[in-house]
Undergrad: 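The structure is given below, and queries will be raised subsequently.
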Amino acid sequence: MTLLSVNDLSVQRGNRTTLNKVSFSAEGGELIGIVGPNGSGKSTLLKAILGLLPHSGMAMVEGKPVSAFSLNERARRMAYLPQNREVAWGVTVKDLVALGRAPYSQAFGASNAADMIKVEAALRSMEVTHLRESSATQISGGELARVLTARALAQETPLLFADEPNAGLDPAHQIHLMSILQRVASEGQTILVSLHDLNLAARWCSRLLVISEGTLVADGAPQETLGEQVLRDVFGIEAFRGEDAQGTVIVPVRRVT
Amino acid sequence: MNLRIPYALLVALLGLAVLCAFVGSLSVGPAQIPFTEGIAALFADDGNPVAVVMQDIRLPRAVLAVLIGISLGLSGAVLQGYLRNPLAEPGLIGVSSTASLGAVIAIYTGLSVAFPLALPLMALMGAAIAGALLNGLAGQRGHTLTLILAGVAISSIATALTSLALNLSPNPFAAMEIVFWMLGSLEDRSMQHVWLALPLMVVGWIMMLSLGRALDALTIGEEAAMTLGVNLKRLSFIAIIGTAASVGAATAVAGAIGFVGLVVPHLMRGLVGHQPSKLLLPSALGGAIMLTVADIGVRIITPQSGLKLGVLTALVGAPFFLWLILAKRRSML
């Protein structure tokens, strides 16, 4: 059964169409990058699939429309890492990551031992175990980004939607994050990640969706989707392209007007 | 403020403190009654003067202080968690001011003289109207900002109408009575007040205590909370109606008492690791302690002049709050 299938998904905001009949499907274990210029509809696509925005068309998970699942059933299938890293209170990092287990806990039940093991594993994989007792409002932006990613990993859903998880991370941690996502995908989880860095997208994702003005214009392996024409027409840039042992290298060099 | 003690111990200690404050409240008053005699008189049914004082005057007062304190502390913690704003308190969403307005109308029209229970009943009606309006205005999509704005608007309208009643008040005594009532007090309350308020308060408490996990999830924002399975519409409904029921009932029997709902969650937050769910019970107990102690203070400081409870909580609460903010700022520098 197809894990995720999206059919003619459209989002209307006022009289503007921010997402226009996007269709694609995804199987287990894919690391799918969503790329496109600012305002092209990357975040809108993720939110519409999650059911966070009013939309037309349909997203189906495990063959069933997302709207047919209860909120809790959705939370056991799709995790979401929003672009804004909001944390209202100075809760400890450990308590923050443990929120990822919320969809599994019984009413009034505290997190059980099995949940805590998963929380520890998520902390470990994002290399933030040393922060576990720190207050989430007193760690650096980069640390918070990793902690919130650990929160989403702890949710252990078949699908993970990450909106710009790399923003504000130093190069080493960007690469680290992408490698974690790749590893998680290799273990069977399917990840949709919106990215601005085309080089990271090309190197780490198994497949890219290119979105321009709300429309899906290309869908396929990075080498095919990020061709010279797409870079020029969609992104308005020319880029240096090369290959190394790990794959494609794309370095934007100038803007074309 | 980041001392962490085990949660169960904290709750047990606070529970014990509520008990002590309650017993303390029972033993304070103009009549000099020895402690053991007073406690024994609570259970006497021979109608002697000591039993009357204990059962009809002190007991309702002490019980109401605990109940109202729980309502204010708990709804403060829920609203701060729901609105993700440390400045939120029950007064912010307009429930207290509409309840006050209901009471003021009862006084203004003379209904409260003809039928004493008209005052709390009209106040409850005011709170119910506020709850329904808030839910209609803000509950549709459960956005917190809309709730704050709607609350401010409702609150302003109620305050304006209260001022109008004062302005047009038929005689100075009516105006005086309105002002005194609005200051908040537990004087001369009966068990009838307790039975009127208790059921609504308990319903409100149960609703609010059920929100713990949803409030925790809301720590990382509304959209992320939804993807953790939180139904924002339901959350908003329960937070609004729970607050309206318990704070409405509190205001109906005691007038508007400020600062407890704002200050108590702040005091407790550091003790529970800032987790909204763990803040609920300690804030409820802390509210009961604070209000009971304040009500003892009112009786000890000025036994004759009748200092109003709401005035004392604001007088003590506001400077203390200022100190808290300064202390917090210092720790952040």
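Computed from a predicted structure; not experimentally measured. Naming: A, B, ... by sequence-line order, numbering from 1 per chain.
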Undergrad: Evaluate the side-chain contact (heavy atoms from CB on, under 4.5 Å) criterion for residues A/Leu52 and B/Met226: first the C-alpha distance (whole Å), next the side-chain angles of each, then the deciding distance (0.1 Å), finally the verdict.
TA: CA-CA 8 Å; A/Leu52 296 174; B/Met226 281 171 81; 3.7 Å; yes
Undergrad: Could you walk me through whether A/Arg151 and B/Ile220 satisfy the side-chain contact (heavy atoms from CB on, under 4.5 Å) test, starting with their C-alpha distance in whole Å, then the side-chain angles of each, then the deciding distance to 0.1 Å, before giving a yes or no?
TA: CA-CA 10 Å; A/Arg151 197 283 299 159; B/Ile220 51 171; 3.5 Å; yes
Undergrad: Does B/Arg234 have more than 12 heavy atoms from other residues, nucleotides or ligands lying within 6.0 Å of its CZ?
TA: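 No, because the 6.0 Å sphere around CZ of B/Arg234 holds 12 heavy atoms or fewer from other groups.
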Undergrad: Sort A/Pro82 into side chain, backbone, both or neither according to what part of it lies under 4.5 angstrom from a heavy atom of chain B.
TA: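 Just the side chain, heavy atoms under 4.5 Å.
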Undergrad: Are any non-hydrogen side-chain atoms of B/Arg84 and A/Glu86 less than 4.5 angstrom apart?
TA: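 Side-chain contact under 4.5 Å: yes.
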Undergrad: If every non-hydrogen atom of B/Leu228 is compared with every non-hydrogen atom of A/Pro103, which pair is closest and at what distance?
TA: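 Heavy atoms of B/Leu228 and A/Pro103 come nearest at O-CG, 3.8 Å.
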Undergrad: In terms of heavy-atom proximity below 4.5 Å to chain B, should A/Leu81 be classed as side chain, backbone, both, or neither?
TA: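 Looking at A/Leu81, nothing touches chain B.
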Undergrad: Between A/Leu99 and B/Arg213, is the side-chain contact (heavy atoms from CB on, under 4.5 Å) condition met? List the steps.
TA: CA-CA 9 Å; A/Leu99 285 178; B/Arg213 286 194 314 149; over 6 Å; no
Undergrad: Look up atom CG in A/Leu160 and atom OG1 in B/Thr227, then write down how far apart they are to the nearest 0.5 Å.
TA: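 Those atoms lie 10.0 Å apart.
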Undergrad: At a heavy-atom separation under 4.5 Å, does B/Pro276 approach chain A through its side chain, its backbone, both, or neither?
TA: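 Side chain only.
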Undergrad: Is the Lys NZ or Arg CZ of B/Arg269 less than 6.0 Å from the centre of A/Trp89's six-membered ring, within 45° of the axis?
TA: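 Yes; both conditions hold, so B/Arg269 lies above the ring face of A/Trp89.
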Undergrad: To the nearest 0.5 Å, tell me how far B/Asp216 CG sits from A/Asp95 CG.
TA: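 Going from the CG atom of B/Asp216 to the CG atom of A/Asp95 covers 8.0 Å.
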Undergrad: Can you give me the closest heavy-atom contact between A/Val91 and B/His274, atom names plus distance?
TA: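 That closest heavy-atom pairing would be CG1-O, 3.4 Å.
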Undergrad: For A/Arg85, is it the side chain, the backbone, both, or neither that has a heavy atom closer than 4.5 Å to a heavy atom of chain B?
TA: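 It is neither, since no heavy atom gets under 4.5 Å.
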